[in-house]
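Single-structure report; data block below.
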Amino acid sequence: MTDQNIRTRFAPSPTGYMHIGNLRTALYAYLYAKAQHGTFILRIEDTDRTRYVADAVDFINRTLKLAEIVPDESPDLGGPYAPYVQSERMDIYKKYAEKLVELGHAYYCFCDPDEDHSQGKFGGYDRTCRDLPQDVIDAHLKNGDPYVIRQKMPLTGETTYFDVLHGNISIPNEELEDQVLLKRDGMPTYNFANVIDDHLMHVTHIIRGSEFITSTPKHVLLYQGYGWELPTFIHLAPVMGKNADGSTSKLSKRHGATSFDDLVKAGYLPQAIVNYVALLGWNPKDTNQEIFSMQELIEHFSLEGLSKSPAVFDYDKLGWVNGEYLKAMDAAEFADKARTFAGDLPDYLEAHWTELAALLQTRISRMGEIPEQIQFLINCPDFDADLYVNKRNKVTPEKAKDLLPAVIELLENIPESEWQNDNLYAKLEAHIEATGVKKGLMMWVVRIAAAGQKVTPGGATEIMTLLGKENSLARLKKSLAKLAEL
RNA sequence: GGCGCCAUCGUCAAGUGGUUAAGACACCGCCCUUUCACGGCGGGUUCAUGGGUUCGAAUCCCAUUGGCGUCACCA
């Protein structure tokens with residue numbers, strides 16, 4: 001029922017940034033391996049010295065850990081095919097590159113990359129080095145001249161491979177250039193190291209982005225050149241972002257927070273991000289469920305559920321998923337976590353934080369909204385009398401002016417020690433009954449006068465509870481004074 | 001531009017020749033309500049276009065259009 005030998009890998013280059021598209025690729029590779037009781041490998045592809053970023057490997061480790069994507073083999077963990085960092089495997093690539101030359105599928109090229117060459121089809125180089133006599137090659141090598149090793153592509157015919165999502169894909173061989181395998185600095189290129197490592201590490205399923213669809217024939221030719229068995233290819237559709245004009249393009253920084261890190265900082269829970277991202281381009285075949293724990297994702301995951309068309313990243317839906325996680329959180333846990341996003345608070349709010357957090361818990365879709373949500377409790381907004389207008393409850397500024405004095409008097413008689421929500425509510429309710437005013441009208445007036453803002457987390461009495469007696473009355477009086485000017 | 005991939009509501013999507021074309025987000029309306037939110041109920045000309053194949057097409061084929069990718073000593 002399960003194949004113990006399934007092995008997938010995530011092979012990022014260390015850029016210090018975990019794009020949401022890469023995270024999704026890692027997730028799917030992980031989910032597939034785990035769903036099949038297989039092995040998930042983390043391999044670092046750091047063959048570009050010019051793009052190396054310090055601490056980037058730590059960053060990747062931390063990110064994967066936060067996302068609960070845990071490798072079975074990695075640079076830190078080691079494993080049967082260590083090392084798992086490409087820059088530590090240079091001798092391996094050199095050996096295999098030379099072997100491919102021997103096999104007749106690659107050749108030495110001594111062209112200078114900075115020099116202009118006769119323009120062949122492929123721009124900066126031509127294929128003349130293919131035909132270099134052996135004695136010329138030997139002389140260059142003996143002389144210690146710099147060189148690269150290029151793959152020798154077939155000039156005719158086409159190369160076909162099978163992709164789980166797309167079926168057979170064929171590319172005419174004449175479209176394939178004699179790509180560099182081993183660079184001048186001795187480092188392998190992605191297209192080479194990737195194939196060597198995937199084979200050596202016994203990767204069975206290559207799950208990666210669709211940008212590699214066109215270069216896969218080159219990889220296939222490499223496997224065939226060595227006489228190696230082909231892995232199974234799965235090319236994922238890209239994650240898109242929505243542009244201001246409504247069009248879409250591959251998700252990038254201009255679409256806002258698009259790295260896992262950015263999203264966490266914006267107040268989305270790691271599990272919620274993973275949950276949402278899992279659904280971007282995949283959906284379970286056996287359920288309409290939308291909220292999944294990592295364990296549930298593993299249980300439901302199958303390659304058949306992968307989508308081959310691009311998916312647009314939707315912050316609204318992410319917000320909904322995150323909101324579901326937020327609401328499901330233990331109240332105390334939410335309060336703690338939310339507190340770290342709230343910033344500096346005045347004493348009265350600090351004292352009422354548990355209540356405030358409870359009000360926020362069902363109202364926000366991400367923690368980053370908290371400061372703006374509670375700002376009105378710290379500084380009363382300077383508001384206009386129009387704010388009192390509410391059609392449904394038939395509220396007008398005039399009515400507010402009529403009702404407020406009695407409320408203020410009532411509240412002034414409530415001792416500080418009895419200034420709690422239930423009591424305030426009870427007192428106001430009694431007052432409402434005594435005066436015969438509609439509850440909605442009265443509460444609206446009080447809430448606006450105290451909050452100075454149309455939409456608030458919590459109703460009139462809840463806000464006054466948070467503000468405290470002194471503060472509430474000060475606000476009410478000030479509001480009344482403003483109304484008196486009318 | 002060559003080559004390649006893709007195409008179901010605004011978005012994520014189910015669907016694999018015969019369905020009233022699911023579900024979710026968003027949106028709109030109603031209910032609930034001390035505002036908002038939560039929750040409940042309800043709503044919407046969705047199969048890019050044009051040709052085929054077929055008794056029958058969102059499903060198969062071709063073309064067109066559009067989107068995306070790729071064409072580095074980056075990955």
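In what follows, chains are A, B, ... by sequence order, proteins preceding strands, each numbered from 1.
The nucleotide whose nearest atom lies closest to any side-chain atom of A/Leu280 is, among B/G69, B/U34, B/C12, B/C12. Nearest nucleotide to the side chain of A/Glu175, out of B/C3, B/C5, B/U11: B/C3. In the set B/C3, B/U34, B/G10, the nucleotide with an atom closest to the side chain of A/Thr214 is B/C3. For A/Glu45, counting side-chain heavy atoms from C-beta on, the closest listed nucleotide (B/C68, B/U35, B/A75) is B/A75. If you check B/C3, B/A75, B/C68 against the side chain of A/Thr189, the one that comes closest is B/A75. For A/Ser309, the listed nucleotide lying nearest its side chain is B/C6; candidates were B/C6, B/U35, B/C74. Comparing atom distances between the A/Pro172 side chain and each of B/A14, B/C5, B/C3 picks out B/C3 as nearest. Checking B/C5, B/C38, B/A75 against every side-chain atom of A/Lys183, the shortest atom distance belongs to B/A75. The side chain of A/Glu177 approaches B/C71 more closely than any other nucleotide in the set B/C71, B/G2, B/A75. Considering only the side chain of A/Glu211, B/U70 comes nearest among B/U70, B/G67, B/C38.
Counting any heavy atom pair closer than 4.0 Å across all strands shown, A/Thr47 reaches sugar-phosphate atoms only and no base atom. Using a 4.0 Å heavy-atom criterion, one finds that A/Ser13 contacts the sugar-phosphate atoms exclusively. Nucleic acid contact class of A/Ala311 (heavy atoms, under 4.0 Å, all strands): sugar-phosphate only. In this structure, A/Ser215 reaches neither bases nor backbone, as no heavy-atom distance under 4.0 Å exists between it and the strands shown. Using a 4.0 Å heavy-atom cutoff across all strands shown, A/Met240 reaches sugar-phosphate atoms only and no base atom. In this structure, A/Gly281 reaches the sugar-phosphate backbone alone: every heavy-atom distance under 4.0 Å involves primed, P, OP1 or OP2 atoms, never a base. The residue A/Val148 sits close to a base: some heavy atom pair falls under 4.0 Å. Looking at heavy-atom distances under 4.0 Å, A/Arg392 makes contact with a base. Nucleic acid contact class of A/Phe313 (heavy atoms, under 4.0 Å, all strands): none.
With salt bridges taken as basic N to acidic carboxylate O contacts below 4.0 Å, one links A/Glu290 and A/Lys317. Ion pairing of A/Lys94 with A/Glu98 is present here, as a side-chain N (NZ or NE/NH1/NH2) and a carboxylate O approach within less than 4.0 Å. Taking 4.0 Å as the cut-off between side-chain N and carboxylate O, A/Arg89 and A/Asp46 do not count as a salt-bridged pair. Look at A/Glu324 and A/Lys327 and you find a salt bridge, because one of the NZ, NE, NH1 or NH2 atoms lies within 4.0 Å of a carboxylate O, short of that distance.
One cannot find a donor-acceptor pair under 3.5 Å joining the base of B/U34 and the side-chain atoms of A/Arg447.
Using atom P as the reference point in both B/G1 and B/G51, the two lie 26 Å apart (nearest Å). For the P atoms, the distance from B/U11 to B/U64 is 25 Å, rounded to whole Å. Between B/U59 and B/G18, the two C1' atoms lie 11 Å apart (nearest whole Å). When the C1' atom is used for both B/A58 and B/G15, the distance is 8 Å, rounded to whole Å. Separating the P atom of B/G44 from that of B/A7 is a span of 27 Å, rounded to the nearest Å. Look at the C1' atom in both B/G67 and B/U49: the space between them is 15 Å, to the nearest Å.
Tested against A/Tyr108, the residues A/Val148, A/Asp145, A/Ile149 include a single side chain to side chain contact (heavy atoms under 4.5 Å, CB included) partner, A/Ile149.
When the salt bridge (Lys or Arg N to Asp or Glu O under 4.0 Å) test is applied to A/Arg43, the partners found at least two apart in sequence or on another chain are A/Glu45, A/Asp197, A/Asp198.
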Classify every nucleotide of nucleotides 21-29 of chain B by which part a protein heavy atom approaches to under 4.0 Å, writing B for the base, S for the sugar-phosphate alone and - for neither, in 5'-to-3' order. -BBBSS---

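Under 3.5 Å, the side chains of A/Gln179 and A/Asn191 contain a donor-acceptor pair of N or O atoms.
Distances shown here put every side-chain N or O of A/Lys438 at or beyond 4.0 Å from the OP1 or OP2 atom of B/U34. Look at A/Lys308 and you'll find a side-chain N or O under 4.0 angstrom from OP1 or OP2 of B/C6.
Stacking between A/Trp444 and B/U34 is absent: the ring centroid is not both under 5.5 Å from the six-membered base ring centre and under 30° in plane angle.
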How far apart are the C-alpha atoms of A/Phe192 and A/Tyr96, what are their side-chain angles, what is the distance that settles it, and do they pass the ring-ring contact (aromatic ring centres under 6.0 Å, His included) test? CA-CA 10 Å; A/Phe192 185 56; A/Tyr96 278 97; 7.8 Å; no

